[in-house]
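One structure is given here, and the rest of the page talks about it.
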Amino acid sequence: IIFFILNQLQKVKKRNNDLKESLLRQKQLEEELTEVRTNIAQDFHDDLGNKLARISVISNMAITEVSSENEKLKSKIEQIQNDANYLYKGTKDFIFSLKDNSNYLEELVTYLSDFGEDLFVNTNSKFVVEKSIDENIKLPHYWSKQLIFIFKEALTNVYKHADCSTVLFFCHYHKKTLTIKCMDDGKGIAEELLLKSTGGLNNMKKRAAKIDGQITIQSDENGWTSIVFNGKTT
């Protein structure tokens, strides 16, 4: 009996040692992955991001130097500038999603809040941020990127079409449930767009489905229109 107990204890000890080694190796791999992501983000920022910003600045200078008579050339330069700006903004999102801290909820909310403030700074719309976050959790894999695309699309649609006086960006996290809302007191979303659910709205729903979340569109009696994301961070 003693021999059997000792033998079992040795097996348990070996399993514990194996588990410790596995956990240590996993931690090392996570640290290596974080370092790789950080280096890639830095390289993109220093190389591609700076070059695109330079193209945008130079094309803007060229537009002012082109004579008003040469409209074709001016139009082509403006197209180059628009494409460079579009790629630069997309690169910023990609670089942010590569960074390890981008997976944390507080960082994500700050990133989207900064985007909204920049978007509405020179408009007649007041941009308000409200949040109720119990814990600054690390979001599941791939959530950060999808949520950035969803709510940049939502905020841009409000900017282009809502004609509102107030935009509210709201984030609530409680008991593993994340709710993010983009609300405005503008003219709402046309019923035919809701029924067809095409274009941007359909893309938002598809992105939410990729992370097992849902997008719903709500309107209340006070005239507020909301695009709402709900998801479980399990």
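Counting begins at 1 with the first residue of the sequence.
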Side-chain donor-acceptor pair present, T179, N230, cut-off under 3.5 Å: yes

Which atom of S102 lies closest to which atom of L108, heavy atoms considered: O-CB, 4.4 Å

Residue pair C164 / T225, side-chain heavy-atom distance below 4.5 Å: no

Straight-line distance of I77 CD1 to K72 NZ, nearest 0.5 Å: 14.5 Å

Between N103 and S144: side-chain donor-acceptor atoms closer than 3.5 Å: no

Value rounded to 0.5 Å, distance of NE2 in H172 from CD in E130: 12.5 Å

From CA spacing to verdict: side-chain contact (heavy atoms from CB on, under 4.5 Å), L24, Q28: CA-CA 6 Å; L24 180 62; Q28 290 174 342; 4.1 Å; yes

Ring geometry between F120 and F127 (parallel below 30°, tilted from 30 to 60°, perpendicular above 60°): parallel

N7 atom CG: more than 12 heavy-atom contacts under 6.0 Å: yes

Test item: S75 side-chain N/O and E71 main-chain N/O as donor-acceptor pair under 3.5 Å: no

Side chains of D163 and S125 in contact at under 4.5 Å (non-hydrogen atoms): no

ILVMFWY network linking F115 to M183, side-chain heavy atoms under 4.5 angstrom: no

Spacing of CG belonging to N136 relative to CG belonging to D134, to within rounding of 0.5 Å: 11.5 Å

Hydrophobic cluster membership, Y104 vs V109, 4.5 Å side-chain cutoff: no

Hydrophobic cluster membership, I148 vs L119, 4.5 Å side-chain cutoff: yes

Enclosure of Q218 CD (heavy-atom neighbours >12, cutoff 6.0 Å): yes

Intermediate values then yes/no, side-chain contact (heavy atoms from CB on, under 4.5 Å), V129 and L112: CA-CA 10 Å; V129 178; L112 288 170; over 6 Å; no

Value rounded to 0.5 Å, distance of CH2 in W224 from NZ in K181: 11.0 Å

Euclidean distance, D212 CG relative to W143 CH2, rounded to 0.5 Å: 7.5 Å

From L201 atom CG to I150 atom CD1, the distance as rounded to the nearest 0.5 Å: 11.5 Å

N17 side chain to E21 side chain, donor-acceptor N/O pair below 3.5 angstrom: no

Side chain proximity check, R25 to L29, heavy atoms < 4.5 angstrom: yes

Criterion side-chain contact (heavy atoms from CB on, under 4.5 Å) on K13 and L9, from CA distance to verdict: CA-CA 6 Å; K13 185 178 180 180; L9 288 174; over 6 Å; no

R15 vs V12, side-chain contact (heavy atoms from CB on, under 4.5 Å): CA-CA, chis, key distance, verdict: CA-CA 5 Å; R15 283 199 297 268; V12 171; 3.5 Å; yes

Single-linkage hydrophobic cluster, 4.5 Å side-chain cutoff, I133 and F169 together: yes

Shared hydrophobic cluster for M204 and L168 (ILVMFWY, side-chain gaps under 4.5 Å): no

Short side-chain to backbone donor-acceptor contact, S226 and V228, under 3.5 Å: no

No-hydrogen, no-angle side-chain donor-acceptor test under 3.5 Å, Y173 and T233: yes

Residue pair K175 / K232: nearest heavy atoms and the distance that separates them: O-NZ, 4.0 Å

Over 12 foreign heavy atoms within 6.0 Å of CZ, F170: yes

